[in-house]
Amino acid sequence: MMYRRKIGDAEVFNIVEMIAPTHDPAMLYPALGPEGLRDVADRLTPDHFWPATGKLIIGIQIWVVKLGEDVIVIDTGVGNGKPRGLPRFDRLNTLAPVWLSAIGATPEAVTHVINTHLHGDHVGGNTVASGDGWTAAFPNARYWMPQRDYDYWLPRYHEAKGIGETEAFTDGVMPLVEAGKVTFYGEGQEIVPGLTMKAAYGHTPGMMRADLTCADEAGVFCADIFHSPLQILRPDINTVIDVLPEVAQATRMTFLAEMADTGALVMPCHFGAPHAVRIVRDGDGFGFVPDVV
């Protein structure tokens with residue numbers, strides 16, 4: 001599946017690599033509790049929560065920006081053919097590469113690949129199989145990776161190459177570093193004019209967001225500040241996989257206030273349809289308005 005939007009002169013696409021009611025709220029959000037879920041379930045149904053199974057609908061999106069001569073992929077998903085310990089990610093064979101090509105993001109056409117952070121569902125599609133190893137899926141692109149995340153994962157990679165949480169680092173990050181195709185970036189890095197990286201630390205120590213401003217319109221690729229709109233309604237709730245929970249919560253609260261004030265389009269990686277929202281104030285808290293394509 002793929003969707004198209006416009007932000008100023010920029011064309012923005014999201015490719016849905018996979019989506020399903022997969023996540024038990026009690027697993028993903030241990031602090032939520034049954035009563036907390038009941039309070040928000042109606043506002044999440046049917047696009048983000050499936051009452052019949054009691055599961056949250058979680059997608060994996062690959063975002064693409066076409067701006068002038070640049071074709072920019074933001075986070076590359078799980079990727080096809082990657083051996084993974086998590087069964088639903090193991091050796092996928094999706095149509096994501098076909099859909100990317102259909103919008104003009106062919107392997108040869110992509111000029112930049114941005115990883116907002118280095119979790120496996122954001123870097124797996126960086127590479128494709130080549131002989132006994134892995135090579136760049138986008139051979140002409142410069143790959144951009146957050147320095148702080150790389151510094152966090154590198155010692156873990158040396159301790160446990162290819163095992164557990166280092167799977168994707170081993171086959172989606174290190175082959176590109178060793179090939180000299182990576183530029184490490186930090187706060188304030190401008191990738192192309194109008195697309196700037198800003199700190200969104202917490203979910204991982206170095207996670208970043210990508211802010212797009214074009215012709216007085218704005219959008220933010222917010223990575224995993226949220227895994228579900230549930231966290232817009234309950235920004236105090238962290239996921240079980242947030243590395244720095246207090247930092248993640250503070251990042252989320254600051255981000256919500258900023259987006260409610262600016263009206264920028266918010267484009268996360270994991271929301272259900274229509275996969276992008278605008279943040280609004282709702283009393284002392286926040287709500288969301290789906291951006292229907």
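Side-chain N or O atoms of Lys82 include none that pairs as donor or acceptor with a backbone N or O of Gly172 at under 3.5 Å. Judged by distance alone, with hydrogens and angles left aside, the side-chain atoms of Asp75 form a donor-acceptor pair with the main-chain N or O of Thr116 at under 3.5 Å. Looking at Arg91, its side chain never comes within 3.5 Å of a backbone N or O of Pro83 through a donor-acceptor pair. Not a single donor-acceptor pair under 3.5 Å links the side chain of Asn14 to the backbone N or O of Gln61. Put simply, the side chain of Asn140 gets close to the backbone of Glu108: a donor and an acceptor are under 3.5 Å apart. With Arg252 contributing its side chain and Ile237 its backbone, the two residues share a donor-acceptor pair below 3.5 Å. Side chain of Arg142 to main chain of His112: no donor-acceptor pair is present (N/O by atom type, distance under 3.5 Å, no hydrogens or angles). Counting only distance, with no hydrogens or angles, the side chain of Ser130 and the backbone of Gly133 share no donor-acceptor pair below 3.5 Å. Thr239 places no side-chain N or O within 3.5 Å of a backbone atom of Tyr29 that could act as its donor or acceptor partner. Looking only at distances, a side-chain donor or acceptor of Asn80 sits under 3.5 Å from a matching main-chain atom of Thr94.
How far CG of Asn126 is from CE of Met174: 13.0 Å, rounded to the nearest 0.5 Å. Taking CG from Leu100 and CD from Glu17, the interatomic distance works out to 9.5 Å, rounded to the nearest 0.5 Å. Remark: Asp151 CG to Leu118 CG distance equals 10.0 Å, nearest 0.5 Å. With values rounded to the nearest 0.5 angstrom, Thr183 atom OG1 is found 8.5 Å from Ile191 atom CD1. The structure places OG1 of Thr196 at 10.0 Å from CE of Met208, a figure rounded to the nearest 0.5 Å. To the nearest 0.5 Å, atoms CD (Glu167) and CG (Asp90) are separated by 8.5 Å.
Side chains of Pro97 and Trp99 form no contact here, defined as non-hydrogen atoms less than 4.5 Å apart. By the 4.5 Å heavy-atom criterion applied to side chains, Ile114 and Leu195 are counted as neighbours. Residues Ile72 and Val192 have side chains in contact (heavy-atom distance under 4.5 Å, counting atoms from C-beta outward). By the 4.5 Å heavy-atom criterion applied to side chains, Tyr150 and Val173 are counted as neighbours. Between Trp144 and Phe184, every side-chain heavy-atom pair lies at or beyond the 4.5 Å cut-off. The side-chain heavy atoms of Tyr3 and Val16, taken from C-beta on, include a pair separated by under 4.5 Å. Taking 4.5 Å as the limit, some side-chain heavy atom of Met145 sits within range of a side-chain heavy atom of Leu176. Side-chain contact between Gln249 and Asp236 is present, with at least one heavy-atom pair separated by less than 4.5 Å.
Exactly one of Tyr157, Trp134, Tyr152 qualifies for a ring pair (Phe, Tyr, Trp, His ring centres under 6.0 Å) with Phe169. That residue is Tyr157. If you run side chain to side chain donor-acceptor pair (under 3.5 Å) between His122 and each of Asn115, Asp224, Thr76, only Asp224 comes through.
At a threshold of 4.0 Å, the pair Glu11-Arg4 counts as salt-bridged, since one of the basic side-chain nitrogens sits closer than that to a carboxylate oxygen. In summary, Arg209 and Glu258 engage in a salt bridge, as defined by a charged side-chain N under 4.0 Å from a carboxylate O. The pair Asp24-Lys55 does not count as a salt bridge, with every side-chain nitrogen at least 4.0 angstrom from each carboxylate oxygen. With respect to Asp121 and Arg88, no salt bridge is recorded, no charged nitrogen being found less than 4.0 Å from a carboxylate O.
Put simply, Met1 and Val98 are part of two different groups of oily side chains (I, L, V, M, F, W, Y) that touch within less than 4.5 Å, one to the next. Hydrophobic cluster membership is shared by Phe271 and Leu233, with clusters built from Ile, Leu, Val, Met, Phe, Trp and Tyr side chains linked at under 4.5 angstrom. Hydrophobic clustering (side-chain heavy atoms under 4.5 Å, transitive across Ile, Leu, Val, Met, Phe, Trp, Tyr) keeps Val277 apart from Leu265. Note on Val65 and Met2: same hydrophobic cluster, where clusters join Ile, Leu, Val, Met, Phe, Trp and Tyr whose side-chain heavy atoms are under 4.5 Å apart, directly or indirectly. With hydrophobic clusters built from ILVMFWY side chains whose heavy atoms lie under 4.5 angstrom apart, Leu256 shares a cluster with Val220.
Around CD of Glu246, the count of heavy atoms belonging to other residues, nucleotides or ligands within 6.0 Å does not exceed 12. More than 12 heavy-atom neighbours from other residues, nucleotides or ligands sit within 6.0 angstrom of CE on Met27.
Looking at every heavy atom in both residues, Pro139 comes nearest to Lys181 through O-NZ, 2.9 Å. In this structure, Pro25 and Leu37 approach most closely via the heavy-atom pair CG-CD2, 4.0 Å. Scanning both residues, Leu56 and Ser228, for their nearest heavy atoms gives CD2-OG, 4.2 Å. The minimum heavy-atom distance between Val113 and Val110, with the atom names listed, is CG2-CG1, 3.9 Å. In this structure, Gly8 and Ala215 approach most closely via the heavy-atom pair CA-CB, 3.8 Å. Between Pro268 and Ala276, the closest heavy-atom pair is CD-CA, 4.3 Å.
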Working note: Arg234 + Leu32, criterion side-chain contact (heavy atoms from CB on, under 4.5 Å); need CA distance, chi angles, decisive distance, verdict.
CA-CA 9 Å; Arg234 287 291 307 273; Leu32 180 65; 4.0 Å; yes
Let me see the working for Ile74 and Val64 under side-chain contact (heavy atoms from CB on, under 4.5 Å), right down to the final yes or no.
CA-CA 6 Å; Ile74 302 175; Val64 178; over 6 Å; no
Could you please spell out the steps behind the side-chain contact (heavy atoms from CB on, under 4.5 Å) verdict for Ile7 and Met267?
CA-CA 12 Å; Ile7 296 178; Met267 295 168 282; 3.7 Å; yes
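Ring to ring, His275 and His48 are not that close: their centroids are 6.0 angstrom or more apart.
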In a table with atom names and distances, give each donor-acceptor pair under 3.5 Å that connects a side chain of residues 281-293 to protein atoms at least two apart or in another chain.
unit_1: Arg281; atom_1: NH2; unit_2: Asp261; atom_2: OD1; d: 2.9
unit_1: Arg281; atom_1: NH2; unit_2: Asp261; atom_2: OD2; d: 3.4
unit_1: Asp291; atom_1: OD2; unit_2: Arg5; atom_2: NE; d: 2.6

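Applying the ring-ring contact (aromatic ring centres under 6.0 Å, His included) test to pairs two or more places apart or on separate chains, those with a residue in residues 193-226 are Trp63-Phe221, His117-His203, His119-His203, His203-His227, Phe226-Phe255.
Taking a 4.5 Å side-chain heavy-atom cut-off between Ile, Leu, Val, Met, Phe, Trp and Tyr, the cluster of Leu92 extends to Met18, Ile60, Val78, Leu86, Phe89.
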